[in-house]
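Following: one structure in structure tokens, then a few remarks.
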Amino acid sequence: GAVVSQHPSWVICKSGTSVKIECRSLDFQATTMFWYRQFPKQSLMLMATSNEGSKATYEQGVEKDKFLINHASLTLSTLTVTSAHPEDSSFYICSASDRVQPQHFGDGTRLSIL
Amino acid sequence: EDQVTQSPEALRLQEGESSSLNCSYTVSGLRGLFWYRQDPGKGPEFLFTLYSAGEEKEKERLKATLTKKESFLHITAPKPEDSATYLCAVRNNNNDMRFGAGTRLTVKP
């Protein structure tokens with residue numbers, strides 16, 4: 001069964017709105033959660049790493065004010081894309097790890113901004 | 001800087017035609033090499049972790065091997081349902097992960 005649940009799986013919204021994506025670890029306590037972005041036929045691009053109870057660490061070039069990450073508990077992290085624009089359209093994937101287990105991934109969220 | 005290079009970029013096989021996917025890596029202190037399978041529109045699904053040179057893991061038609069510089073994912077007698085993108089990743093001694101670009105495998109019936 002799914003170890004990491006990501007919701008929603010598909011979002012279509014108008015330009016300028018904010019979108020929240022949830023990532024839940026179902027079977028273990030995820031001390032670390034990761035957020036990735038993936039373009040068609042390309043590999044995963046790490047956006048940020050979040051440790052429970054602390055601020056997320058963003059990769060170079062990722063706007064922290066645009067992609068707000070909250071990791072308030074050991075089982076839940078959220079990514080909010082603020083004031084989304086068409087160029088933010090992408091496939092966003094989260095993963096969870098307790099730094100011993102391999103990363104387990106959610107099924108991703110396809111975000112389409114009109 | 002850690003690097004992961006996967007080859008080939010794409011591979012087309014006939015059903016039953018065995019082959020291997022390559023993952024070459026450089027990493028500052030290997031803390032694990034991971035293989036994942038990703039189907040279109042889905043998140044990666046964990047397959048194997050290898051920790052040290054000489055280690056091998058098997059699962060159904062897949063076998064992963066590891067040396068100090070590369071890993072191979074051997075696919076024996078593949079079936080169409082094995083078609084997917086296979087991703088390789090390494091974890092370094094800072095617990096940072098780096099993914100390769102993947103190999104898109106297509107198995108034709």
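Each chain gets a letter, A, B and so on, in the order the sequences are listed, and its residues count up from 1.
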Is [X] linked to [Y] within one hydrophobic cluster, defined over Ile, Leu, Val, Met, Phe, Trp and Tyr using a side-chain heavy-atom separation of less than 4.5 Å?
X	Y	result
A:Ile21	A:Phe67	yes
A:Trp35	A:Ile113	yes
A:Leu44	A:Leu46	yes
B:Val90	B:Leu21	yes

[X] side chain vs [Y] backbone, donor-acceptor pair below 3.5 Å:
X	Y	result
A:Tyr36	A:Ser95	no
A:Thr109	A:Pro8	yes
A:Gln6	A:Cys94	yes
A:Tyr58	A:Thr49	no

**Q.** Top contributor to chain B interface from A:Gln42, A:Met45, A:His104, A:Gln103 [non-hydrogen pairs under 4.5 Å]
**A.**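 If we count pairs closer than 4.5 Å to chain B, A:Gln103 comes out on top.
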Out of curiosity, [X] [atom1] to [Y] [atom2], how far, rounded to the nearest 0.5 Å?
X	Y	atom1	atom2	answer
A:Ser43	B:Leu87	OG	CG	5.0 Å
A:Met47	A:Gln38	CE	CD	13.0 Å
A:Ser25	A:Asp98	OG	CG	8.5 Å
A:Cys13	A:Leu114	SG	CG	7.0 Å

(Q) Can you tell me if A:Glu59 has over 12 outside heavy atoms packed within less than 6.0 Å of its CD? (A)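 Yes, the 6.0 Å shell around CD holds more than 12 heavy atoms from other groups.
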(Q) For B:Lys79, I'd like to know if atom NZ has over 12 heavy atoms of other residues, nucleotides or ligands within 6.0 Å. (A)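 12 or below, so no.
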**Q.** Sorted by number, residues from residues 68-93 of chain A in contact with chain B (heavy atoms, under 4.5 Å)
**A.**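 Heavy-atom contacts from residues 68-93 of chain A to chain B are A:Phe91, A:Ile93.
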Q | Any donor-acceptor N or O pair under 3.5 Å, side chains A:Glu52, A:Gln29 | A |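 Side-chain D/A pair, A:Glu52 to A:Gln29: absent.
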Q) Taking every heavy-atom pair that is under 4.5 Å apart, which of B:Gln38, B:Arg98, B:Arg104 has the most such pairs with chain A? A)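 When all of B:Gln38, B:Arg98, B:Arg104 are compared, B:Gln38 has the most.
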Q) Taking the six-membered ring for Trp, are the ring centroids of A:Phe105 and B:Phe99 within less than 6.0 Å of each other? A)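 Here the rings of B:Phe99 and A:Phe105 have centres that are less than 6.0 Å from each other.
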Checking an interface table here. Which of [range] come within a heavy-atom distance under 4.5 Å of chain A?
range	value
residues 26-35 of chain B	B:Phe34
residues 7-15 of chain B	none
residues 42-67 of chain B	B:Lys42, B:Gly43, B:Pro44, B:Phe46, B:Thr49, B:Tyr51

Q) Mind checking whether A:Ser50 and A:Thr32 have side chains closer than 4.5 Å, heavy atoms only? A)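 Side-chain contact under 4.5 Å: no.
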